[in-house]
Student: 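After the C-alpha cells below, expect a handful of questions from me.
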Protein chains: 2
Amino acid sequence: MASTGARGGRKRGPSIADVARLAGVSAQTVSRVSTGAEAVKPETRAKVLLAMEQLGYSPNRAARALRDGRYGSIGFLARRFDRTGEALTMDAVLRACEAEDYSVTLLSAHDTTSAEWEPAARRLQNQTVDGIIIMRAEGGAGDPLALPATMPVVVSDSRAHGRYPRVTTDEMLGARRAVEHLLDLGHETVHYLAGPEDSEPARLRTIGWRAALTDRGRATPEPIWGDWTPQSGYAAGSAFAADPTVTAIFCANDEMAFGLMLALHAAGKDIPGDISVVGFDGISLGRYSVPPLTTIRQDFPQIGRELVRMVLRQIGQTHPHSVPDSIVPLELVVRDSSAPPRR
Amino acid sequence: MASTGARGGRKRGPSIADVARLAGVSAQTVSRVSTGAEAVKPETRAKVLLAMEQLGYSPNRAARALRDGRYGSIGFLARRFDRTGEALTMDAVLRACEAEDYSVTLLSAHDTTSAEWEPAARRLQNQTVDGIIIMRAEGGAGDPLALPATMPVVVSDSRAHGRYPRVTTDEMLGARRAVEHLLDLGHETVHYLAGPEDSEPARLRTIGWRAALTDRGRATPEPIWGDWTPQSGYAAGSAFAADPTVTAIFCANDEMAFGLMLALHAAGKDIPGDISVVGFDGISLGRYSVPPLTTIRQDFPQIGRELVRMVLRQIGQTHPHSVPDSIVPLELVVRDSSAPPRR
DNA sequence: CTTGGGGTTGTTAAGGTAAACATAGCAACC
DNA sequence: GGTTGCTATGTTTACCTTAACAACCCCAAG
C-alpha cells in the first residue's frame with residue numbers, strides 16, 4: 001500500500017550546488033576548489049573540502065564533458081581483445097592513459113568484413129571519446145572508418161595506409177632478423193608460416209622473410225598460410241613435418257609456433273635437432289614452451305606509450321592526422337628452439 | 001601573420017538545433033526521431049533523417065548522459081589486463097555489453113596493496129559508468145572500495161565476501177574434479193601447486209584439493225605456493241622433480257602448469273609417464289603445450305554474460321547489492337598430460 | 001580622504017538533450 | 001455545428017559544470 005516503495009528513479013548524487021549550500025559559498029567557489037585552479041582563501045577551501053567530504057561529492061563528469069567538449073577518454077578499437085597482441089597493447093595503453101589522467105573505452109568491431117562494419121563505425125561516433133586507437137584492423141573494408149576529420153586517430157597494425165598516423169614496429173626488419181638468425185646458424189633456407197593475407201603486419205613480415213632470403217641468394221619455398229591461431233599452426237606443422245627438406249621454420253606469430261611445435265613433436269621431429277623454429281611477438285608463455293621459443297620480441301609497453309602519446313598530441317589540432325608516424329624497435333630473443341642444422 | 005592560424009579550440013559537431021533548423025522542425029521532433037520512440041509522421045521523419053545525414057549529426061552523449069543520469073557504460077576494474085583470465089573475461093564482458101548497447105570503460109587498480117588504492121577508488125567514482133565489474137582483486141585491502149551504496153557492482157573472483165553480489169565458478173568443485181580425475185587414474189595422492197595466498201579463488205581451489213584427498217583418505221602433501229606466473233611454476237616444477245614420490249601434480253592455473261612442465265621436462269621427467277599434470281582455467285594455448293594439458297575449463301563467455309546481466313539488473317534498484325550470486329559451471333578437459341602412474 | 005589595485009568571491013550564461021507539458025489540427029460523433 | 005478525443009508537433013525546463021565578467025573588500029599610495 002505504502003506508495004513510498006518505488007520512489008527509485010535516478011539516484012543523482014550530490015551536486016556542486018549542494019556542496020555550495022552546505023559550505024555557505026557560491027557554486028563557482030566550489031568549482032574552483034574542485035578544479036584546483038584559482039585563488040581561494042585557505043579557510044574557504046577548507047570549508048568547501050569539508051562539505052565535499054560530508055556529502056561524498058564528486059564532480060559530475062557528464063556535465064563537465066558537456067561544458068568543455070572533452071570526455072577524458074580514449075577509445076580502443078579492435079576486433080578481439082583476448083589475443084596476446086591486443087591484450088598486451090591494451091594493458092600498455094591503459095597504463096599510459098592513466099598517467100595522463102585519461103580513461104580507456106573499449107570499442108569493438110567484431111565482424112568488420114562487410115555490412116557489419118557500417119553500424120560499428122556509426123556507433124563509434126556516438127562514443128564519448130576524445131580520440132581513437134585502432135588496433136589490428138585486418139579484414140576491414142578499404143575505406144572503413146567514416147570518422148570526422150577532426151577526430152584524433154592513431155593506428156597500430158592496420159592496413160589503413162596513410163589515412164591515419166601510425167605506430168608500428170618494423171615488421172619487415174623483424175622478419176629479416178629472424179631469417180638471418182636461422183641462416184647464420186647454417187640453415188640452407190627458411191620455411192615460412194605466414195599470417196592471414198588480409199593482415200598488414202602479416203603482409204610485411206612475409207615481405208621481410210622473402211627479402212632476407214633473396215638478399216642472400218637463397219631459395220624461397222612456398223609459404224603456408226595460417227590465421228594467427230595455434231590450430232592453424234598445428235596444421236602447418238603437420239605439413240612441414242612431411243617434407244624432409246625442412247630444417248628451419250619462421251612463424252609469423254608465437255601462437256602459431258606453439259601449434260606448429262606440437263605437430264612437429266607429434267610427428268617425431270626433434271626441436272631444434274631436426275627442425276629449428278622461430279616465432280614473432282614475444283608472448284610471455286614463449287619462455288615456457290617445450291622447448292622455449294626463439295622469437296622476435298615486440299616492446300608492447302613502448303607501443304602503448306607511443307599510441308597514447310600520438311593520439312593525445314592530436315587533440316585540439318586542426319589537422320590532427322598530420323602527426324608523423326612512429327616506429328618502435330624489435331628485439332631478437334634467442335632461446336632453445338633454434339640451433340644449427342644437424343649435419 | 002594571419003591570425004587565422006590557431007582558431008583551434010573545440011570542434012563541436014552539429015547539434016540537435018542545427019538539424020532542427022535545417023529540417024524546419026523543432027528540436028524536440030529531432031530528438032524524437034533520434035531516440036526512435038514517439039509518433040512522428042513518416043514524412044517528417046524523412047526530412048529529419050535527411051538533415052541529420054547532410055550535417056553528419058550524431059547525438060552528443062555527454063548531454064544525453066547529463067540529461068538522464070546514465071552513461072551507457074560499464075566499468076571493468078582489474079589489476080592487470082594482460083593475463084589470460086582477465087583478457088578472456090573482458091572479451092566476454094565486452095561482447096555481452098555490446099548486445100545490450102553498453103560500452104566498457106577500463107578501470108585499473110594496479111597496486112592495490114596499500115596507499116595506492118585510495119586514489120584509485122576515488123578516481124573510480126569520477127568515472128562515467130553506470131555500474132562496475134570487479135575482476136580478480138587479490139591483494140586489495142579489507143575494505144577496499146568506498147563506492148556509493150547505490151552503485152551497481154558485481155564481483156568476479158575476489159575476496160569481497162558478501163559485500164557485493166558475485167559471479168563465480170565453483171572453484172572448490174573444480175579442484176575436486178581435478179584431484180579425483182588423477183586419483184581415478186590410480187595415483188596414490190596428488191601434489192599441489194597453489195596460487196597466491198591472498199587470492200580468493202586460489203584459496204578455494206586449495207580447499208577443494210585438500211577436501212578431495214581427505215574424503216578419499218589420502219595423504220595431503222605440503223603444497224608449493226606460486227603466484228600464477230609460469231616463472232613460479234618453473235620453480236615449483238624443479239622442486240617437485242627432486243621428490244621421487246611425486247606422480248601427479250595439480251596446478252592452480254594453466255600458466256603455472258606451463259612453467260612446471262618445462263621444469264619437469266628439463267629435469268628429465270616424462271609427462272605423463274613419470275608425472276601427470278592437471279591445470280586450471282582452460283586457456284587456449286593449453287591445447288598446444290607439449291604434451292597438451294589436461295585442465296579444468298572455465299566458461300569465460302558465460303562468466304562475461306552473467307557479470308553483465310547481474311550488473312545491469314542492479315541499475316535503478318534501491319538496494320542494488322542484494323542481487324543473488326551466480327555460479328557458472330566448470331568442465332574437466334582430459335588431454336595428454338594426465339595418465340595412470342607407471343607401475 | 002580618496003583612488004587604485006590585487007585578491008577573493010558571486011552572478012550570469014552557455015553547452016546539448018529529452019521529459020513534461022502545452023498547443024494545434026483533424027476526424028468522428030451526437 | 002459543436003464537443004470530444006486523438007495525433008503530431010512545439011515550448012519550457014532541468015540536468016551540472018565552469019568561463020567570463022562583475023562586484024566587493026582591504027590595504028597602500030597619493
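To find a chain, count down the sequence lines: A is the first, B the second, and so on, and within it residues start at 1. No experiment lies behind these values; they were computed from the predicted model shown.
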Student: Would you mind reading off the distance between A:L66 atom CG and C:dG15 atom C1', rounded to a whole angstrom?
Tutor: 4 Å

Student: Do A:R70 and A:D68 meet the salt-bridge criterion of a basic N to acidic O distance under 4.0 Å?
Tutor: no

Student: How many whole angstroms separate atom NZ of A:K47 from atom P of C:dT8?
Tutor: 14 Å

Student: Any side-chain N or O of B:T44 under 4.0 Å from OP1/OP2 of D:dT9?
Tutor: yes

Student: When you measure from the side chain of B:Q28, which nucleotide among C:dG16, C:dT9, D:dT11 comes out closest?
Tutor: D:dT11

Student: Does the side chain of B:T105 pick up a donor-acceptor pair with the side chain of A:S103 at under 3.5 Å?
Tutor: no

Student: Side chain of A:R64, base of D:dT17: donor and acceptor closer than 3.5 Å?
Tutor: no

Student: So, is B:Y71 near the phosphate of D:dC15, with a side-chain N or O under 4.0 Å from OP1 or OP2?
Tutor: no

Student: Please give, in whole Å, the distance from D:dT11 P to B:R21 CZ?
Tutor: 14 Å

Student: When you measure only distances, ignoring hydrogens and angles, does the side chain of A:R32 come within 3.5 Å of the base of C:dG10 through a donor and an acceptor?
Tutor: yes

Student: Out of D:dC16, C:dA14, D:dG10, which nucleotide sits closest to the side chain of B:V25?
Tutor: D:dG10

Student: Closest to the A:S34 side chain: C:dG16, D:dA8, D:dT18?
Tutor: D:dT18

Student: Nearest 0.5 angstrom please: B:L49 CG to B:Q54 CD, how far?
Tutor: 11.5 Å

Student: Once you round to the nearest 0.5 Å, how far does CE of A:M151 lie from CD1 of A:I315?
Tutor: 9.5 Å

Student: From OH of A:Y57 over to P of D:dC16, roughly how many Å is that when rounded to an integer?
Tutor: 10 Å

Student: Nearest to the side chain of B:N60, heavy atoms from C-beta on, is which of C:dA18, D:dT17, C:dG16?
Tutor: C:dG16

Student: Taking 4.0 Å as the cut-off, does a side-chain nitrogen or oxygen of A:T29 come that near to OP1 or OP2 on C:dG10?
Tutor: yes

Student: Quick one: on DNA chain D, does B:E43 or A:V30 contact a more 5' nucleotide (nearest heavy atom)?
Tutor: B:E43

Student: Rounded to the nearest angstrom, tell me the gap between atom CZ in A:R67 and atom P in C:dT17.
Tutor: 16 Å

Student: Nearest 0.5 Å please: distance from the CZ atom of A:R313 over to the CZ atom of A:R309.
Tutor: 4.5 Å

Student: For the side chain of B:I16, starting at C-beta, report the closest nucleotide among C:dG10, C:dA18, D:dT17.
Tutor: C:dA18

Student: What's the CG-C1' distance between A:D68 and C:dG15, to the nearest Å?
Tutor: 10 Å

Student: Heavy atoms, side chains only, cut-off 4.5 Å: are B:I74 and B:V93 in contact?
Tutor: no

Student: Give the nucleotide from the list C:dT9, C:dT17, D:dT17 with an atom nearest to the side chain of B:A63.
Tutor: C:dT17

Student: Nearest-Å distance, CZ (B:R70) to P (C:dA18)?
Tutor: 13 Å

Student: Give a yes/no on whether any side-chain N or O of A:T35 is located under 4.0 angstrom from OP1 or OP2 of D:dT18.
Tutor: no

Student: Would you mind telling me which of D:dT9, C:dG16, D:dG10 lies closest to the side-chain atoms of B:S26?
Tutor: D:dG10

